[in-house]
Engineer: 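Here it is: the structure, laid out below.
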Amino acid sequence: MSAARPPRVFRVTGAVWLFGITAVIAAALLVEATVRSGIGEALLLAPWLLLLLWVIHVAGIASDVRADTTGVGVQNLVRRTWVPWSRMKRVAMRWQLELTLDDGQVVRCFGG
């Protein structure tokens, strides 16, 4: 018996690079704020920079498309959708991946 293959994952291109560059810039801003104003002011600034990093993580890294033998899983920002292959009518690539279901509903995939 062969082992089940893991799903194929398609992520947003360049999201990890964008997250890394933003993290370096955020760290530099926190160090600069600490040097100029002290630790108290830097701690007041930190939540806003961390919020920016979280938004980039959710939009870029966490959003993906997972395909396996049973269907397609779509993670769009904070919403997950799973579609079996039997319900899929059409797969189109426009500005993003669009999955048209047998009932006419269209699932747009931010990741991938």
Side-chain angles (χ1 to χ4, degrees):
M1 242 196 286
S2 64
R5 291 177 48 187
R8 178 102 189 243
V9 179
F10 302 97
R11 296 195 186 281
V12 177
T13 309
V16 176
W17 282 99
L18 177 63
F19 184 78
I21 291 168
T22 308
V24 168
I25 292 171
L29 287 173
L30 282 177
V31 168
E32 191 265 339
T34 304
V35 169
R36 287 182 184 248
S37 301
I39 191 77
E41 295 294 324
L43 289 176
L44 290 174
L45 178 65
W48 297 106
L49 294 173
L50 293 174
L51 177 65
L52 174 67
L53 288 174
W54 179 77
V55 167
I56 291 174
H57 177 270
V58 168
I61 296 175
S63 295
D64 62 10
V65 177
R66 295 175 184 264
D68 61 6
T69 57
T70 59
V72 177
V74 177
Q75 168 81 33
N76 281 338
L77 300 176
V78 293
R79 180 180 57 105
R80 287 181 185 232
T81 306
W82 186 82
V83 180
W85 289 114
S86 61
R87 289 208 50 215
M88 198 105 38
K89 183 177 178 183
R90 189 181 93 159
V91 177
M93 185 68 178
R94 294 175 52 122
W95 297 104
Q96 56 193 358
L97 187 64
E98 290 184 350
L99 308 174
T100 305
L101 305 182
D102 55 1
D103 61 355
Q105 182 182 0
V106 177
V107 178
R108 290 178 178 83
C109 307
F110 184 72

Engineer: Rounded to the nearest 0.5 Å, what separates atom OG in Ser86 from atom CG in Leu101?
Structural biologist: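 So the gap between those two atoms works out to 10.0 Å.
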
Engineer: Before you tell me yes or no, could you show the steps for Leu99 and Val106 under side chain to side chain contact (heavy atoms under 4.5 Å, CB included), namely the whole-Å CA-CA distance, both residues' side-chain angles and the distance that decides it to 0.1 Å?
Structural biologist: CA-CA 6 Å; Leu99 308 174; Val106 177; over 6 Å; no

Engineer: Can you run down the salt bridge (charged side-chain N to carboxylate O under 4.0 Å, His left out) pairs that involve residues 65-82, sequence neighbours left out, and say none if there aren't any?
Structural biologist: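 Those involving residues 65-82 are Asp64-Arg66.
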
Engineer: Report yes or no: do Val55 and Phe19 belong to one cluster of Ile/Leu/Val/Met/Phe/Trp/Tyr joined by side chain heavy-atom distances under 4.5 Å?
Structural biologist: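 Unlinked, Val55 and Phe19 end up in two clusters.
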
Engineer: Looking only at non-hydrogen atoms, find the nearest pair between Thr69 and Trp85 and report the distance.
Structural biologist: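 Heavy atoms of Thr69 and Trp85 come nearest at O-CD1, 3.3 Å.
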
Engineer: Strictly distance-based, threshold 3.5 Å: is any side-chain N or O of Ser63 a donor or acceptor partner for the main-chain N or O of Val58?
Structural biologist: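 Checking the backbone N and O of Val58 against the side chain of Ser63, a donor-acceptor pair under 3.5 Å is found.
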
Engineer: As a quick check of understanding, evaluate side chain to side chain contact (heavy atoms under 4.5 Å, CB included) for Val74 and Trp82, giving each step before the final call.
Structural biologist: CA-CA 6 Å; Val74 177; Trp82 186 82; over 6 Å; no

Engineer: Are Val16 and Phe10 connected, step by step, through hydrophobic side chains (Ile, Leu, Val, Met, Phe, Trp, Tyr) whose heavy atoms are closer than 4.5 Å?
Structural biologist: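 Different hydrophobic clusters.
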
Engineer: If you count every heavy atom of other residues, nucleotides or ligands that lies below 6.0 Å from Trp54 atom CH2, does the total exceed 12?
Structural biologist: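 It does not: Trp54 CH2 has 12 such atoms or fewer within range.
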
Engineer: Between CZ of Arg87 and CG of Asp103, what distance do you get to the nearest 0.5 Å?
Structural biologist: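 With rounding to 0.5 Å, CZ (Arg87) is 4.5 Å from CG (Asp103).
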
Engineer: Taking the side chain as C-beta and beyond, is there a heavy-atom pair between Val72 and Val65 under 4.5 Å?
Structural biologist: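 Yes, at least one pair of side-chain atoms sits under 4.5 Å.
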
Engineer: Same cluster or not: are Ile21 and Leu52 linked, directly or through other Ile, Leu, Val, Met, Phe, Trp or Tyr residues, by side-chain heavy atoms under 4.5 angstrom apart?
Structural biologist: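 Looking at the clustering, Leu52 is in a separate group from Ile21.
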
Engineer: My understanding is that only residues two or more places apart in sequence, or in another chain, count here; which of them pass side-chain contact (heavy atoms from CB on, under 4.5 Å) with Glu32?
Structural biologist: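 Testing Glu32 for side-chain contact (heavy atoms from CB on, under 4.5 Å), a comparison that skips the adjacent residues, returns Arg36.
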
Engineer: Might you point out which heavy atoms bring Leu30 and Ala42 nearest each other, and give the distance in Å?
Structural biologist: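 Heavy atoms only, the tightest pair is CD2-O, 3.5 Å.
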
Engineer: Taking Leu53's backbone N and O only, do any of them form a donor-acceptor pair with Thr22's side chain (distance below 3.5 Å, no angle check)?
Structural biologist: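 No.
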
Engineer: Quick check on the hydrophobic clustering: are Leu44 and Leu29 connected, directly or via other members, by side-chain heavy-atom contacts under 4.5 Å?
Structural biologist: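 In one cluster with Leu44: Leu29, no.
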
Engineer: Apply salt bridge (Lys or Arg N to Asp or Glu O under 4.0 Å) to Arg108 and list each qualifying residue two or more places apart in sequence or on a separate chain.
Structural biologist: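 By the salt bridge (Lys or Arg N to Asp or Glu O under 4.0 Å) rule, Arg108 matches Glu98.
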
Engineer: Could you state the interatomic distance from SG (Cys109) to CG (Asn76), rounded to the nearest 0.5 Å?
Structural biologist: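 Nearest 0.5 Å value for the SG-CG distance: 6.0 Å.
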
Engineer: State yes or no: do Ile25 and Leu18 share one hydrophobic cluster built from I, L, V, M, F, W and Y residues joined by side-chain heavy-atom distances below 4.5 Å, directly or via other members?
Structural biologist: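 Ile25 does not cluster with Leu18.
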
